[in-house]
Amino acid sequence: MKTDLKGLDTREIEDWALGLGLKAYRGRQIRHWLLGKLAASFDEMTDLPQSLRVLLDKESNIKHLENIKTLVSEDGTRKYLFKLFDDHLIESVLILERDHLTLCISSQAGCAMDCRFCLTARHGLIRNLTPAEIIEQVIYIKRSLDTPDHLTNIVFMGMGEPLANYYAVIKAIGNLVSEDGMNFSHRKITISTCGLVPQIKQMGRDVTVNLAVSLNAADDETRSYLMPVNHRYPLDELLSACKAFPLPNRRMITFEYILIKGINDRDEDALKLASLLSGMRAKINLIPLNPFSGSDMSPPPVKSILHFQEILIKNNFTAIIRKSKGRDISAACGQLSGTVEYLPGQSCSA
Ligand code: SAH
């Protein structure tokens, strides 16, 4: 089996180099080429002897994804469709913010969580991504940019439930944040979860990245209807884990709340939400549902969305209505399906 080098930390790549009869520093050198200089092949590693490059090619694997399509939205959002070595498909979405770029990456092919409002759920879980496959989304896309330094923020909000692929995600984050890795700031990385309580607790011990929780309802009955995971970890357990989550100074937990017409958008839902989160360092992201074909749910009218927000603000919460980006190319939240179809008229480049 070839070794996936992009998934290794410094110690592991040094050991791997030693195992091949090389000096440990060669391992560090290769890691820097891959994660720091974003090399796509051993041939680019010009300070390695040619004979070594041939050996490395034989012993290890550094190409994990094939970009089979890139769709560009009217608002500049880009959706990258990648093929894994076993032909499964995943998607990553690059979002243009005012002064930086945010990359939304996938942690699994498909998803097992079965949320009623999410298109990815229709596939069920296909498989977990490896740390190298997670990292490679960032490397590939960063490499393709004219201004790679503008890519500062990473969110685990693509396909899959990141905390259900816990060790691979934590490993990938290690290489994203380490100074001799990709050197991202841990303050600019966010894991979004549907609410896997034991892993939220573990995450608080293992990393200092941001936590976002997809809440979507303020009572157990509605939440269990929308998100089966709520049967396993009901709201009181989830909120206790959030309250105990270690937050560095001035940081908050983000609670995502999809607004769905007639399901969770009444005044009393907003009031329940405010009381559920009272006393917490919480920021609320309101996301009008992105509909997809085959779903009978729709977003509320704009007036009700603004009214819902107003109630939260009156209760002293920061509540932001998240503008949906990339809707025309099905790149918005919950629209990632890992399929190659696209509508006529969309720009498309491979
Ligand atoms: N499994 C993780 C990350 C993937 S979902 C999680 O549950 O957080 C990323 C975000 O997209 C979540 O906040 C989710 O609630 C939201 N989302 C899913 N389907 C959506 C839809 N149809 N419309 C709007 N947001 C959606």
Side-chain angles (χ1 to χ4, degrees), residues 77 79 90-93 95 102-126 128-129 134 137 153-166 168-169 172 189-197 199-200 203 209-218 222-223 225-230 232-233 238 241-242 253-261 263-265 273 282-300 305 308 319-327 330-338:
T77 304
K79 181 164 85 165
I90 57 160
E91 295 175 340
S92 321
V93 179
I95 303 153
T102 297
L103 183 62
C104 172
I105 58 176
S106 295
S107 54
Q108 299 180 312
C111 185
M113 295 298 134
D114 209 19
C115 299
R116 195 176 274 267
F117 46 76
C118 182
L119 187 56
T120 307
R122 304 276 153 113
H123 296 279
L125 177 65
I126 298 167
N128 280 331
L129 300 189
I134 295 171
Q137 297 169 64
N153 293 47
I154 308 280
V155 294
F156 285 83
M157 293 186 191
M159 296 172 79
E161 166 50 44
L163 295 186
N165 185 16
Y166 187 81
V169 165
I189 296 183
T190 302
I191 293 185
S192 179
T193 177
C194 64
L196 298 180
V197 168
Q199 288 92 328
I200 290 175
M203 175 190 159
V209 299
N210 300 301
L211 173 65
V213 175
S214 299
L215 199 60
N216 302 328
T222 313
R223 194 164 194 272
Y225 170 76
L226 292 173
M227 306 175 71
V229 68
N230 195 67
R232 230 186 322 158
Y233 305 114
L238 175 57
C242 292
I253 298 182
T254 301
F255 288 92
E256 293 155 298
Y257 191 101
I258 304 178
L259 282 162
I260 310 171
K261 190 172 157 191
I263 293 188
N264 63 0
D265 62 341
L273 179 60
K283 183 170 84 183
I284 303 166
N285 271 356
L286 299 172
I287 316 171
L289 177 85
N290 289 311
F292 51 86
S293 67
S295 154
D296 53 358
M297 294 187 284
S298 56
I305 295 173
F308 197 95
I320 295 160
I321 298 172
R322 209 158 70 188
K323 256 207 342 229
S324 182
K325 300 207 175 174
R327 220 144 113 173
S330 290
C333 296
Q335 294 189 314
L336 302 185
S337 67

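Order of appearance sets the numbers: ligands from 1, and atoms from 1 within every ligand. All values reported here derive from a predicted model rather than from experimental measurement.
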Quiz item: Quick one: are Gln137 and Leu129 in side-chain contact, heavy atoms under 4.5 Å?
Solution: yes
Self-check item: Pairwise distance CG(Leu238) to SG(Cys194) - rounded to 0.5 angstrom
Solution: 9.0 Å
Practice problem: Can you sort out which atoms of ligand 1 are near Ser214, meaning under 4.0 Å from one of its heavy atoms? | Solution: 6 (C), 7 (O), 8 (O), 12 (C), 13 (O), 14 (C), 15 (O)
Practice problem: Find all atoms of ligand 1 within a distance of less than 4.0 Å from any non-hydrogen atom belonging to Cys194, and give their numbers and elements. | Solution: 6 (C), 7 (O), 8 (O)
Self-check item: Element-labelled atoms of ligand 1 that are located less than 4.0 Å from some non-hydrogen atom of Leu289
Solution: 21 (C), 22 (N), 23 (N)
Exercise. State the OG1-CG distance between Thr193 and Leu163, to the nearest 0.5 angstrom.
Key: 4.0 Å
Quiz prompt | Between Glu256 and Ser192: side-chain donor-acceptor atoms closer than 3.5 Å | solution = yes
Quiz item: Under 4.0 Å from ligand 1, counting heavy atoms only, is it the side chain of Val213, its backbone, both or neither?
Solution: neither
Quiz item: Which of the numbered atoms in ligand 1 are below 4.0 angstrom from a heavy atom of Asn216?
Solution: 15 (O)
Exercise. Using a 4.5 Å cut-off on heavy atoms from C-beta on, say whether the side chain of Thr222 contacts that of Ile263.
Key: yes
Quiz item: Does one side chain, of Gln108 or Asn128, offer a donor that lies under 3.5 Å from an acceptor on the other?
Solution: yes
Quiz item: Under 3.5 Å, N or O to N or O, is Glu256 touching ligand 1 that way?
Solution: yes
Quiz item: Can you tell me if Asn216 uses its side chain to pair, donor with acceptor, with the backbone of Ile258 under 3.5 Å?
Solution: yes
Quiz item: By number and element, which atoms of ligand 1 are closer than 4.0 Å to a non-hydrogen atom of Phe117?
Solution: 15 (O), 18 (C), 19 (N), 20 (C), 21 (C), 22 (N)
Self-check item: Residue selection (non-hydrogen contact nearest atom 8 (O) of ligand 1) among Gly160, Ser192, Ala112
Solution: Ser192
Quiz prompt | Atoms in ligand 1 with a heavy atom of Ile287 nearer than 4.0 Å | solution = 24 (C), 25 (N)
Self-check item: Heavy-atom gap Cys115 to ligand 1 smaller than 4.0 Å
Solution: no
Quiz item: Hey, is Asn290 touching ligand 1 through its side chain, its backbone, both or neither, going by heavy atoms under 4.0 Å?
Solution: both
Quiz prompt | Subset of ligand 1 atoms that lie under 4.0 Å from at least one heavy atom of Gly158 | solution = 4 (C)
Exercise. Give a yes or no on whether the backbone of Pro288 and the side-chain of Tyr257 come within a donor-acceptor separation of less than 3.5 Å.
Key: no
